[in-house]
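Chain letters run A, B, ... following the sequence lines, proteins first, then strands; residues in each count from 1.
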Protein chains: 2
Amino acid sequence: MLLRIDPASSQPLYDQIADDVRRQASAGTLRAGDRLPPAREVAEALDVNLHTVLKAYQLLRDEGLVEMRRGRGAVVSAHAAALAALRDDALALAARARELGVGVEAVAALVRAAAEES
Amino acid sequence: MLLRIDPASSQPLYDQIADDVRRQASAGTLRAGDRLPPAREVAEALDVNLHTVLKAYQLLRDEGLVEMRRGRGAVVSAHAAALAALRDDALALAARARELGVGVEAVAALVRAAAEES
DNA sequence: TGAAGTGTTATAGTTCATCTATAACAACTG
DNA sequence: CAGTTGTTATAGATGAACTATAACACTTCA
């Protein structure tokens, strides 16, 4: 499993890692039952601290995307299917936003606002 | 014009202010030609520093939603219509996410990822 | 023309999230 | 039992966010 981060980004590293996992879950690259690589392994591969990776994993656990246990690791839950179900709509919205010249930040903010509104 | 922020939120204050303006533009409450309240006024109303408000305004300027000039203030640009055009799609996506039990953070991240993918 | 209102820039300091480093601990696997 | 993994604890460094104050430049309007 390949994870990428951009150390120069203003987005926190743990958010970038969590985003990457969400992305792969929505794309179907990661499915229920799949195991995330051990945090220590990811930390070394990305040249990042263990805690940074664990914080990302814990975010994903808090939102139900993965289940974690000592000794066993982090396993993708059935919740991944829900993300996959949203993929097409998210892509459509993003494409429409691009046509209209609306930037990433703005459209993400729009969805955040819509989520709180509904 | 009413702006709201949550000082306890982990989201930066300037992001909250910018989000609020984007929200009102997408809802049609703010339209092209409308003027944002003076930054000093907003700062006092929200009990926040002038610079914090200006940073929000400058974010909005960078994405083309408002135009700013000394002495004149910040005026909403024609770009507001683009946000309004996305509103229904954003609401639909948010509603669908809610049905599926997908949290705000996750769906926003999904859209971010989709925007970079397309 | 001058006064008031506005964004812009500059400087400096405080606070807190982020990230790192190290270590020990607890649960699971084989 | 030994190895793997997440969990917890402690401590420190760095930088973004926020504040405070002040001066500056452009616009508007009386």
Check: A:Met1 and A:Leu30 side chains under 4.5 Å, non-hydrogen atoms:
yes
A:Leu13 vs B:Gly73, nearer the 5' end of DNA chain C by closest nucleotide:
B:Gly73
When rounded to whole Å, the CG to P distance for the pair B:Leu50 and D:dT19 reads 11 Å
Please say yes or no: joined through hydrophobic side-chain contacts below 4.5 Å, possibly via intermediate residues, are A:Tyr14 and A:Val42 part of one cluster?
no
Residues which pass salt bridge (Lys or Arg N to Asp or Glu O under 4.0 Å) with A:Asp20, listed by chain and number, not counting sequence neighbours:
A:Arg23
Show me the donor-acceptor pairs, under 3.5 Å and distance only, between side chains in residues 65-75 of chain B and residues at least two apart or in other chains.
none

Upstream residue (5' side of DNA chain C) when A:Arg69 and A:Asp47 are each assigned their closest nucleotide
A:Asp47
With heavy atoms of chain B within less than 4.0 Å as the criterion, where does contact along DNA chain C begin and end?
C:dG5 to C:dA10
Non-neighbouring partners of A:Ser9 that pass side-chain contact (heavy atoms from CB on, under 4.5 Å), sequence neighbours left out:
A:Asp6, A:Gln11, A:Gln16
Tell me which pairs pass side chain to side chain donor-acceptor pair (under 3.5 Å) where either residue lies in residues 29-41 of chain B, with sequence neighbours left out.
none
Do A:Leu110 and B:Leu3 sit in one hydrophobic cluster, given that two such residues count as connected whenever their side-chain heavy atoms are within less than 4.5 Å of each other, even indirectly?
yes
Could you go through residues 81-103 of chain B and list every donor-acceptor pair under 3.5 Å that involves a side-chain atom there, pairing it with any protein atom two or more places apart or in another chain?
residue	atom	partner	partner atom	Å
B:Arg87	NH1	A:Glu117	OE2	3.3
B:Arg87	NH2	A:Glu117	OE2	3.1
B:Asp89	OD2	A:Arg96	NH1	2.9
B:Arg96	NH1	A:Ala85	O	3.4
B:Arg96	NH1	A:Asp89	OD2	2.9
B:Arg98	NH1	A:Ser118	O	3.1
B:Arg98	NH2	A:Ala115	O	3.0

Between A:Val107 and B:Val21, is there shared hydrophobic-cluster membership here, with clusters defined by ILVMFWY side-chain heavy atoms closer than 4.5 Å?
yes
Would you mind reading off the bend of the helix from C:dT1-D:dA30 to C:dG30-D:dC1 from its two end axes, five pairs each, to 10 degrees?
40°
How would you list all residue pairs meeting side chain to side chain donor-acceptor pair (under 3.5 Å) that involve residues 106-116 of chain A, not counting sequence neighbours?
A:Arg112-B:Asp19
Nearest atoms (heavy-atom pairs only) where B:Val76 meets B:Ala80:
CG1-CB, 3.6 Å
B:Arg40 CZ - D:dA20 P separation (whole Å):
15 Å
Side-chain donor-acceptor distances from residues 43-60 of chain A under 3.5 Å, at least two apart:
residue	atom	partner	partner atom	Å
A:Asn49	OD1	A:His51	N	2.9
A:Tyr57	OH	A:Pro37	O	2.6

Going by heavy atoms closer than 4.0 Å, what residues in residues 51-60 of chain B are next to DNA chain D?
B:His51, B:Thr52, B:Lys55
Taking only N/O atoms, report every protein-nucleotides 1-4 of chain D pair under 3.5 Å with atom names and distance.
none

Residues in salt bridge (Lys or Arg N to Asp or Glu O under 4.0 Å) contact with B:Glu105, at least two apart in sequence or another chain:
none
